[in-house]
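The block underneath contains the structure these notes are about, expressed in structure tokens.
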Amino acid sequence: MNITQPTLLIDERKCRSNIARMCEKARRNDLIFRPHFKTHQSKKVGEWFRQEGVEAITVSSLGMATYFAEAGWKEITVAFPVNLLQIDVINALASHATVNLLADDRDVIVELDSMLTYKVHLFIEIDSGGGRTGIPHSDLKRISSMVATVTAADNINLKGFYTHAGHSYDARSKDDIRKVFSRTVQCMQEVRQWAESNDLNVEFCMGDTPGCSVGERFDEIDAISPGNFVFYDVMQTIIGSCADDQIAVAMACPVVSKNAGSNDVCIYGGAVHFSKDSIEDGQKKIFGMVVRLGSNGWSEPLEGCFVKSLSQEHGIVHLSAEEFEQTKIGDVLGVLPVHSCLTAEAMGVYRNFNGELIDHYAQKNRD
């Protein structure tokens with residue numbers, strides 16, 4: 001493969017293995033699997049899920065929902081608060097697909113109902129500790145008001161309750177993740193007890209990659225919707241969600257300069273390719289881990305080698321003395337991204353090791 005500029009490589013074998021593992025976990029726990037497609041955003045990768053029996057998906061935008069509806073997906077959850085300014089897109093999508101929306105505001109539901117020309121389903125979003133969006137799980141008065149409003153609506157059916165434990169990304173060990181996961185399940189169980197006492201038979205869905213990767217007991221949870229697990233990344237390895245050899249994407253970046261005084265090299269690959277996400281690893285901040293690329297994959301992360309900074313097009317990579325000596329200007333280094341979702345979004349297309357280009361929703365937006 002002739003690589004001359006930053007190129008996002010996908011290891012199909014690892015990706016399919018990640019998909020199969022999470023599908024099996026869902027089956028083992030008798031869970032509906034609504035995988036979040038915001039990480040890979042690819043019709044091709046979506047087909048790998050379909051081959052494992054997945055029938056319902058989750059996305060993060062109405063544009064993405066439309067993209068996957070065009071690929072034949074018939075049930076799509078848009079895991080983002082309803083944007084009433086896009087009502088025309090909602091109606092167009094609902095005309096030929098089962099659409100599940102999210103809301104945490106009563107007035108939005110009333111307004112949405114008056115604007116719909118096709119029926120939709122709605123998850124009431126619950127804040128289980130992430131603090132981003134959703135109704136606090138303990139605010140049963142507000143939850144009750146939301147349920148009453150949806151029940152009274154003409155064009156909206158209550159699907160259930162949805163939560164994303166985004167604070168699991170603050171964990172730094174499997175034990176930390178397990179604590180967040182257990183608390184998230186407990187929060188949803190408390191809402192479920194209230195729902196059942198009010199004769200509500202609805203779905204309870206949770207979705208975050210750390211919790212769904214490490215958690216084992218999904219008591220009284222009906223569905224999961226993790227997304228990052230399809231690729232994983234350096235952040236997930238550091239917090240304990242996965243092993244290094246489960247990361248299914250790597251950036252290939254040409255070396256364009258060397259600094260013998262610091263054992264640093266400059267790569268063609270910066271913030272516009274990776275995003276600027278970083279994570280603390282011990283006493284240092286890293287923007288990616290370095291691997292050696294082969295004809296069909298890449299090595300384990302090289303000890304003492306990491307991306308230490310990113311600017312727009314430049315990446316500064318610190319190498320061990322041995323790796324620095326072996327690396328020449330014109331070589332291509334592999335970098336495992338800190339946050340694969342944003343790296344994939346920034347790049348907009350993948351390349352498989354057989355040279356095949358794999359589509360991405362972001363690329364469609366650019367065309």
Side-chain angles (χ1 to χ4, degrees), residues 1-20 35 37-51 64 67-68 70-71 227-236 242 244-256 265-275 277 287-302 307 310 312-315 317 327 329-367:
M1 191 186 311
N2 183 31
I3 293 174
T4 60
Q5 60 187 356
T7 302
L8 184 57
L9 302 175
I10 182 170
D11 187 321
E12 181 175 340
R13 180 186 58 83
K14 289 182 180 180
C15 186
R16 284 181 177 270
S17 177
N18 292 340
I19 293 169
F37 279 16
K38 72 178 180 65
T39 298
H40 65 82
Q41 298 187 45
S42 168
K43 291 178 181 177
K44 177 76 171 181
V45 177
E47 286 304 307
W48 302 345
F49 280 89
R50 210 192 301 264
Q51 290 165 16
M64 203 183 301
Y67 169 79
F68 282 109
E70 292 170 353
N228 179 273
F229 76 93
V230 67
F231 292 156
Y232 285 120
D233 50 36
V234 170
M235 181 180 296
Q236 298 292 343
C242 69
D244 291 327
D245 62 4
Q246 291 174 280
I247 299 176
V249 289
M251 286 284 286
C253 299
V255 176
V256 296
V265 301
C266 179
I267 57 172
Y268 180 13
V272 296
H273 308 103
F274 287 96
S275 88
D277 271 20
F287 294 82
M289 298 297 291
V290 181
V291 294
R292 285 288 179 187
L293 297 173
S295 58
N296 292 299
W298 49 82
S299 69
E300 290 290 304
L302 302 177
V307 181
L310 293 171
Q312 185 162 329
E313 304 282 349
H314 303 69
V317 177
T327 301
I329 294 174
D331 286 351
V332 177
L333 290 180
V335 177
L336 304 181
V338 167
H339 190 175
S340 60
C341 306
L342 291 182
T343 300
E345 171 73 24
M347 293 302 295
V349 68
Y350 314 102
R351 189 177 289 275
N352 215 331
F353 277 91
N354 62 9
E356 175 191 13
L357 288 175
I358 296 178
D359 67 291
H360 189 285
Y361 167 64
Q363 184 63 38
K364 181 182 181 224
N365 277 350
R366 295 183 182 118
D367 288 345

#### Entry: Option passing side-chain contact (heavy atoms from CB on, under 4.5 Å) with Leu293 (candidates Val335, Asp331, Val332, Leu333)
Val332

### Query
Taking C-beta and beyond as the side chain, do Asn18 and Phe231 meet within less than 4.5 Å on heavy atoms?
no

### Message
Which heavy atom of Asp359 sits nearest to which heavy atom of Lys44, and what is that distance?
### Response
OD1-N, 3.2 Å

### Message
So which atom in Thr343 and which in Phe274 form the shortest heavy-atom distance, rounded to 0.1 Å?
### Response
OG1-O, 3.1 Å

### Query
Do we get Lys43 above Phe68's six-membered ring, with its NZ or CZ under 6.0 Å from the centre and within 45° of the axis?
no

### Query
Yes or no on side chain to side chain contact (heavy atoms under 4.5 Å, CB included) for Gln41 and Met64, after CA distance, side-chain angles and deciding distance?
CA-CA 7 Å; Gln41 298 187 45; Met64 203 183 301; 3.6 Å; yes

### Query
Distance from Arg292 atom CZ to Leu302 atom CG, nearest 0.5 Å?
6.5 Å

#### Entry: Side-chain heavy-atom pair Asn228, Ser340 within 4.5 angstrom cut-off
yes

### Task
Give the intermediate values and the outcome of side chain to side chain contact (heavy atoms under 4.5 Å, CB included) for residues Asn352 and Ile358.
CA-CA 7 Å; Asn352 215 331; Ile358 296 178; 3.9 Å; yes

### Query
Are any non-hydrogen side-chain atoms of Val230 and Trp48 less than 4.5 angstrom apart?
no

### Query
What is the distance from atom CD of Gln246 to atom CD of Gln236, rounded to the nearest 0.5 Å?
10.5 Å

## Note on the structure
Shortest non-hydrogen pair, Leu310 vs Ala271, comes out as CB-N, 4.1 Å

### Query
Can you list every salt bridge (Lys or Arg N to Asp or Glu O under 4.0 Å) pair that touches residues 1-11, not counting sequence neighbours?
none

### Task
Specify whether Phe49 and Phe37 have parallel, tilted or perpendicular ring planes, treating 30° as the upper limit for parallel and 60° as the lower limit for perpendicular.
tilted

#### Entry: Heavy-atom pair with the smallest gap, counting every atom of Ala248 and Cys15
CB-N, 3.7 Å

### Query
What orientation do Trp298 and Phe353 show, parallel under 30°, tilted 30 to 60°, or perpendicular over 60°?
tilted

### Distance (rounded to the nearest 0.5 Å) between Asp244 CG and Glu300 CD
5.5 Å

### Query
In Å and rounded to the nearest 0.5 Å, what is the NZ to NE2 distance from Lys38 to His40?
10.5 Å

### Query
Are any of the side-chain heavy atoms of Ile267 and Val256 separated by less than 4.5 Å?
no

### Straight-line distance of Gln5 CD to His273 NE2, nearest 0.5 Å
7.5 Å

### Query
Is a donor on one side and an acceptor on the other found under 3.5 Å between the side chain of Asp233 and the backbone of Met235?
yes

### Task
For Tyr350 and Ile10, work out which heavy atoms get closest and say how close.
CB-CG2, 3.9 Å

### Query
If every non-hydrogen atom of Pro254 is compared with every non-hydrogen atom of Pro6, which pair is closest and at what distance?
CD-N, 4.1 Å

### Message
Do Pro301 and Leu336 make a side-chain contact, defined as non-hydrogen atoms from C-beta onward lying under 4.5 Å apart?
### Response
yes

#### Entry: Step-by-step side chain to side chain contact (heavy atoms under 4.5 Å, CB included) determination, Leu8 to Arg351
CA-CA 6 Å; Leu8 184 57; Arg351 189 177 289 275; over 6 Å; no

